[in-house]
Amino acid sequence: MDTTHTQALIGMLTVLGLLALMVLPAVFGIVHDRRIDRQLRRAGACPKGPHTAAGPSRPARDAVLRRTARAA
């Protein structure tokens, strides 16, 4: 391999590295959006009743903190 081939290889690897740096954030964003969509679909499929298989729903955390703050 002579100097011309080496320089061409270095240039090609540099371009591919820059392409990867530009594309990777977009790919991560797409994967993140799909995960959120899947979670929303799963949450939408859950029953809406106050009692589920996991047991009764708990009060909101802020409500508990406000109640303890008033008592103090």
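Numbers for residues simply follow the sequence, beginning at 1.
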Using a 3.5 Å cut-off and no angle test, enumerate the donor-acceptor pairs between side-chain atoms of residues 28-37 and protein atoms at least two apart in sequence or in another chain.
none

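Asp2 pairs by the side chain to side chain donor-acceptor pair (under 3.5 Å) definition with His5, not counting sequence neighbours. Residues that satisfy the side chain to side chain contact (heavy atoms under 4.5 Å, CB included) test with Thr3, not counting sequence neighbours, are Gln7.
If you chain together hydrophobic residues whose side chains sit under 4.5 Å apart, Val15 and Leu21 never meet in one group. Under the 4.5 Å side-chain heavy-atom criterion for Ile, Leu, Val, Met, Phe, Trp and Tyr, Leu19 and Leu13 are members of distinct hydrophobic clusters.
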